[in-house]
2 protein chains.
Amino acid sequence: MTTNQTQPVRVSIVEDDDRIRNMFIILLEGAPGFRCVSGYSNAEDAITDIPAKKPDIVLMDINLPGKNGIECMKAIREADPQILVVMLTVYEDNERIFESLAAGASGYLLKSTSPSVILESIHDVIDGGAPMSAQIARKVVHSFHTIQKDKHQNDLGSLTSREHEILTLLASGYMYKEIAGKLFIAKDTVKSHIRNIYEKLQVRTRTEAVIKYLDNN
Amino acid sequence: MTTNQTQPVRVSIVEDDDRIRNMFIILLEGAPGFRCVSGYSNAEDAITDIPAKKPDIVLMDINLPGKNGIECMKAIREADPQILVVMLTVYEDNERIFESLAAGASGYLLKSTSPSVILESIHDVIDGGAPMSAQIARKVVHSFHTIQKDKHQNDLGSLTSREHEILTLLASGYMYKEIAGKLFIAKDTVKSHIRNIYEKLQVRTRTEAVIKYLDNN
DNA sequence: CTGATAATCGCCCGTTAGGGTGATTTTTTT
DNA sequence: AAAAAAATCACCCTAACGGGCGATTATCAG
């Protein structure tokens, strides 16, 4: 717990079960250093109101009726990426683990977790941690590795739009000067972009870049 | 009819129907400038005997019992490619038109064709023509166009095995010297092959060649 | 036997590509 | 406002590429 305690941690909660939601609110309000700024029983209210409340962290039920918690989190973090979200679930839903974290969740807590651990976990998240059970952690790491593998085969996603534009022309057989002419920029600029493309794709020649481009298309 | 008539045209016929076969034999023997050197009621006899008889032209029933006429023609022309073959059929069998001509047939006649036209057609074949009905001709041209289209999209077929080998390495991103090392040949030889590949594929750069290669794969 | 094709290698020469290095400007993010 | 990322341009230099032109050998079909 290295959190600066001069200001309480502002928490919002999105949970459709009134009993559970109120339990969390009472827990947070009764704990020193925590402030529960709002609670919602559905995704829509949360999405419209949370950006204005500016909580530090949101506890989000993953199984909301109607729009699910992952979609809700996406909407909130799109409006304000600084708001951290920890997903709540009653059981270890393997399939949504990666989906949530990939979509921007900072952690993952079982609702049955003891109050003290919940408070501790919130502090962990504020400090940059990512609370989750050991079993879930292993699965996440596994998923992450798989994703990393995919990402490496499909590196085109890391290219900027300009780079992608140039790579497309490169993969059409155009020379530097022709690309420069088409885009109304200098030949050296094209070269510069291509250098960056090569580094991102981990290749050394135009042919290797074209191969990667055509394969992932 | 521009054929040199000093020597009669030597004809063999392969047709399982005795009545039809004899009709053709009588027609040919009774016509000046023609000589029927042999007749067969099955493919096997024709294949073993025709090369020795050395006819100028073979009239081949497309629907032979057992081994069909197309296979029979292939075997005969493999033994002696100078022997011309005209397929005989009772009806316009669309599907076998291209197959026969692609396999080396010089023409295509309906059995119901009048004797004078048959004799004329044989002379046409000897003179380098390709007798067939107008309807069949149109279908053949159509098939041919389709094939040509495929060939042009798939230009890789015109490459020699060595060229294909080199193009594969080229499309894997290897440089000339690396390809040379892998194939134990000189860098200039690789360059020479690649020059030929470029001409066959109608491209000017390695990238364009790679694009064509990857697309047709 | 002769011609055609395939595979091999060499040399000259100009163009293109790619690495190194550095810089300016604009846009985005923090 | 400050920092980071994206886009822009420039210069030097070596290696790779591609065209032109020619040549030898082996094989195979006519």
Side-chain angles (χ1 to χ4, degrees), chain A residues 54 56 77-84 104 128 156-213, chain B residues 51 54 56 77-84 104 128 156-212:
Chain A
K54 292 191 183 299
D56 297 307
R77 284 182 53 82
E78 189 169 344
D80 186 345
Q82 289 199 298
I83 296 175
L84 303 176
L156 306 187
S158 65
L159 298 178
T160 69
S161 60
R162 193 55 153 176
E163 287 165 350
H164 197 274
E165 193 178 7
I166 287 175
L167 178 56
T168 301
L169 292 171
L170 202 68
S172 299
Y174 294 106
M175 295 179 301
Y176 289 4
K177 65 159 83 170
E178 292 174 328
I179 295 174
K182 280 182 182 289
L183 301 182
F184 305 107
I185 57 180
K187 199 180 68 177
D188 272 317
T189 303
V190 175
K191 202 167 99 175
S192 178
H193 283 303
I194 288 175
R195 256 193 301 244
N196 294 332
I197 291 170
Y198 286 179
E199 190 167 359
K200 286 182 179 177
L201 298 188
Q202 290 288 297
V203 298
R204 302 169 359 267
T205 68
R206 122 198 242 108
T207 303
E208 289 177 333
V210 169
I211 292 167
K212 285 215 171 187
Y213 177 83
Chain B
K54 292 190 183 301
D56 298 307
R77 286 182 51 83
E78 190 170 342
D80 187 346
Q82 289 198 302
I83 297 174
L84 303 175
L156 308 186
S158 64
L159 299 179
T160 68
S161 59
R162 193 57 154 176
E163 287 165 351
H164 197 275
E165 192 179 6
I166 286 174
L167 179 55
T168 302
L169 293 171
L170 202 68
S172 300
Y174 294 106
M175 295 179 301
Y176 290 2
K177 66 157 100 170
E178 292 174 328
I179 295 173
K182 280 182 181 290
L183 300 182
F184 306 106
I185 57 179
K187 199 178 67 177
D188 273 317
T189 303
V190 175
K191 199 167 100 177
S192 180
H193 283 302
I194 287 175
R195 254 193 301 245
N196 295 332
I197 292 170
Y198 286 179
E199 190 168 356
K200 287 183 179 176
L201 299 188
Q202 289 287 295
V203 299
R204 301 168 0 266
T205 68
R206 141 199 225 99
T207 304
E208 289 177 333
V210 169
I211 292 167
K212 285 213 173 189

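Within every chain, numbering begins at 1; the chains are lettered A, B, ... in the order of the sequence lines, protein sequences first and strands thereafter.
The residue among B:Gln82 and B:Tyr198 whose nearest nucleotide of DNA chain D lies closer to the 5′ end is B:Tyr198. For the pair B:Arg195 and B:Glu163, both in contact range of DNA chain C, the more 5′-proximal nearest nucleotide belongs to B:Glu163. Toward the 5′ end of DNA chain C lies the nearest nucleotide of B:Lys191, the other residue of the pair A:Met175 and B:Lys191 mapping further downstream.
When heavy atoms are screened at a 4.0 angstrom cut-off, B:Thr189 is found touching base atoms of the nucleic acid. As judged by a 4.0 angstrom heavy-atom cut-off over every strand, A:Ser192 is placed among the base-contacting residues.
Between the CD1 atom of B:Ile166 and the C1' atom of C:dC9 there is a distance of 13 Å, given to the nearest Å. For the pair A:Asp80 CG and C:dT30 P, the computed distance is 11 Å after rounding to whole Å. Atoms OH (A:Tyr176) and P (D:dG18) sit 13 Å apart, rounded to a whole Å. Atom CZ of B:Arg206 is separated from atom C1' of D:dA15 by 13 Å (rounded to the nearest Å). Taking atom CZ on A:Phe184 and atom P on D:dC9, their separation rounds to 12 Å, with Å as the unit. Distance, B:Lys187 NZ to C:dA7 C1': 19 Å, rounded to whole Å. In this structure, CD1 of A:Ile194 is placed 12 Å from P of D:dT8, rounded to the nearest angstrom. The distance between atom CG of A:Leu183 and atom P of D:dA6, rounded to the nearest whole Å, is 18 Å.
Residues A:His164 and A:Tyr213 meet the side-chain proximity criterion, which asks for heavy atoms closer than 4.5 Å. The shortest side-chain heavy-atom distance between B:Arg77 and B:Leu84 falls under the 4.5 Å cut-off.
Sorted by first and then second residue, the salt bridge (charged side-chain N to carboxylate O under 4.0 Å, His left out) pairs with a member in residues 165-187 of chain A read A:Arg162-A:Glu165; sequence neighbours excluded.
Rounding to the nearest 0.5 angstrom, the gap separating the OH atom in A:Tyr176 from the CG atom in A:Leu169 is 13.0 Å.
Distances from the side chain of B:His193 to the nucleotides C:dG18, C:dA7, D:dG18 place C:dA7 closest. Considering only side-chain atoms of A:Lys200, the nucleotide from C:dG18, D:dA6, C:dG10 that sits closest is D:dA6. Closest to the side chain of B:Arg162, from the set C:dG18, C:dT8, C:dG10, is C:dT8.
Judged by distance alone, the side chain of A:Tyr198 and the main-chain N or O of A:Arg206 form a donor-acceptor pair under 3.5 Å.
The base of C:dG19 lies outside donor-acceptor range of the side chain of A:Arg204, with no N or O pair under 3.5 Å.
Here A:Thr160 does not reach the OP1 or OP2 of D:dA5: none of its side-chain N or O atoms lies under 4.0 Å away.
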